[in-house]
Amino acid sequence: MSTLAARPAEAAPPARPSARRPKVRGRYTGWLFVGPFVVVLVAMLIVPIGYALWLSLFRDQLIGGNQFVWFANYVQLFQDAQFWSGLGRVALFLVVQVPIMLGLALVAALALDSARLWGTGFFRIAVFLPYAVPGVVAALIWGFIYGNQFGLTGAANSALGIDLLQPFSPTWVLTSIGNVVTWEFLGYNMLIFYAALRVVPGELYEAAELDGAGPLRTVFSIKLPALRGPMVIATIFSIIGSFQLFNEPNLLKTLAPNVIGSAFTPNMYAYSLSFSGQQFNYSATVAIVMGVITAVIAYVVQVRGTRQENR
């Protein structure tokens, strides 16, 4: 009788972990991260824009109340002389004020980065400090300076014996507002340019020095090309800010009511239509059109700036 050794039972292969669970868990984990942003984006941007667009398609009629009129408000807006006057005013403001402000910010950033300016930290804070002042406070400060009967302008005119300075005259009021905006945002744009200059590799400066490049050549060959991207960003922000011009003229309006009217800028016009005239539908139309114009111009500047940067 032969005996055979019992063979041990073969171990069962280990069970494979389910491949579906990590995918599902990862999918929901991602939504947990982006969910709060999506909620805020929808609640604070998408819904208000959609509601404004919906309002712009209605009109309060004398008979029948609020009625759906399709694009009648837009047709009326394109024939509105007050809207076109305000739009032309902010366009002129954009063309003149933005290059001056960005040019001064560029000069300030280059001066601070040159390492030849004494007290760099002090000047950097001094140039940036006006941006820390709230826009309402800044407009009130400059309104006091511009006053013909008080403040610096009134004192200067009294000392000279003539009305030489007239910041609130129809000829100079837009320049006066541009001066306030430049004073407010010069430091902000300077900081953008200065931060971009600080990350330029030092090897480029060493190579330029070995090649015999002077300070002016270094600026045009190294520093200015490095500022193309930040210049596009600052230009886009300035374009948006120019078309949204509201705080400064609205606060200075009380000092120059005969010069700065309720339709001085498109934003002031929309505000006046909504809160003074109770024309919410037409006000929404102004806001939608200005949003489209601003987005189109900003997109064109971005595309052209990006195209030149990639060359």
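One is the number of the first residue; the rest follow in order along the sequence.
- In this structure, Thr153 and Asn148 approach most closely via the heavy-atom pair CG2-OD1, 3.8 Å.
- The side-chain heavy atoms of Asn179 and Thr175, taken from C-beta on, include no pair separated by under 4.5 Å.
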Quick one: do Phe33 and Trp31 satisfy side chain to side chain contact (heavy atoms under 4.5 Å, CB included)? Show the steps, please.
CA-CA 5 Å; Phe33 281 104; Trp31 277 108; over 6 Å; no
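- To the nearest 0.5 Å, the span separating CD on Glu248 from CG on Leu140 amounts to 10.5 Å.
- Here CG of Leu191 is found 10.5 Å from CZ of Phe193. Values are rounded to the nearest 0.5 Å.
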Please list, one pair per line, the donor and acceptor atoms closer than 3.5 Å that link side chains of residues 196-220 to other protein atoms, with sequence neighbours excluded.
residue: Arg198; atom: NH1; partner: Asp113; partner atom: OD1; Å: 3.3
residue: Arg217; atom: NE; partner: Ser221; partner atom: OG; Å: 3.2
residue: Thr218; atom: OG1; partner: Gly214; partner atom: O; Å: 2.8

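- In this structure, CG on Asn247 lies 11.5 Å from CD1 on Ile177, to the nearest 0.5 angstrom.
- Under a hydrophobic clustering in which Ile, Leu, Val, Met, Phe, Trp and Tyr are joined whenever their side-chain heavy atoms come within less than 4.5 Å, directly or via other members, Leu255 and Tyr146 fall into the same cluster.
- Between Leu53 and Ser56, the closest side-chain pair of non-hydrogen atoms falls below 4.5 Å.
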How far apart are the C-alpha atoms of Ile239 and Ser242, what are their side-chain angles, what is the distance that settles it, and do they pass the side chain to side chain contact (heavy atoms under 4.5 Å, CB included) test?
CA-CA 5 Å; Ile239 289 173; Ser242 297; 5.8 Å; no
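- Transitive grouping of hydrophobic side chains (ILVMFWY, heavy atoms separated by less than 4.5 Å) brings Val181 and Ile297 into a common cluster.
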Give the C-alpha distance, both sets of side-chain angles, the deciding distance and a yes or no for side chain to side chain contact (heavy atoms under 4.5 Å, CB included) between Asn281 and Phe58.
CA-CA 6 Å; Asn281 305 107; Phe58 289 82; 3.6 Å; yes
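- Under the 3.5 Å distance criterion, the side-chain polar atoms of Tyr269 are left unmatched by any main-chain donor or acceptor of Gln82.
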Show me the side-chain donor-acceptor pairs of residues 87-112 shorter than 3.5 Å, one per line, residues at least two apart or across chains.
residue: Arg89; atom: NH1; partner: Phe264; partner atom: O; Å: 2.7
residue: Arg89; atom: NH2; partner: Ser85; partner atom: OG; Å: 3.2
residue: Gln97; atom: NE2; partner: Thr182; partner atom: OG1; Å: 3.1

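- A chain of hydrophobic side-chain contacts below 4.5 Å, direct or via other Ile, Leu, Val, Met, Phe, Trp or Tyr residues, connects Met231 to Tyr188.
- Leu41 contributes atom CG, which lies 5.0 Å from atom CD1 of Ile46 (distance to the nearest 0.5 angstrom).
- In the displayed structure, Tyr74 atom OH is contacted under 6.0 Å by more than 12 heavy atoms of other residues, nucleotides or ligands.
- Once rounded to the nearest 0.5 Å, the distance linking CD1 of Ile233 with CG of Asn189 reads 11.0 Å.
- From Glu184, atom CD reaches atom CH2 of Trp142 across 10.0 Å, with rounding to the nearest 0.5 Å.
- Nearest approach of Ser283 to Ser274, heavy atoms of both residues: OG-CB, 3.5 Å.
- Nearest heavy-atom pair, Ile236 versus Val301, reported as atom, atom and distance to 0.1 Å: CG1-CG1, 4.2 Å.
- Aromatic ring pairs are classed by plane angle as parallel below 30°, tilted from 30° to 60° and perpendicular above 60°; the pair Phe68 and Trp70 is perpendicular.
- Linking ILVMFWY side-chain heavy atoms closer than 4.5 Å, directly or via other members, places Phe185 and Val136 in two distinct hydrophobic clusters.
- Nearest heavy-atom pair, Gln302 versus Thr306, reported as atom, atom and distance to 0.1 Å: O-OG1, 2.7 Å.
- Tyr282 is connected to Phe275 through a chain of hydrophobic side-chain contacts under 4.5 Å among Ile, Leu, Val, Met, Phe, Trp and Tyr, so both are in one cluster.
- Looking at Thr294, its side chain never comes within 3.5 Å of a backbone N or O of Phe243 through a donor-acceptor pair.
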Stepwise, does the side chain to side chain contact (heavy atoms under 4.5 Å, CB included) test hold for Phe71 with Leu57?
CA-CA 6 Å; Phe71 301 105; Leu57 301 178; 4.1 Å; yes
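- Listed here is the closest heavy atom pair of Pro170 and Val173: O-CG1, 3.9 Å.
- The minimum heavy-atom distance between Trp183 and Val133, with the atom names listed, is CH2-CG2, 4.4 Å.
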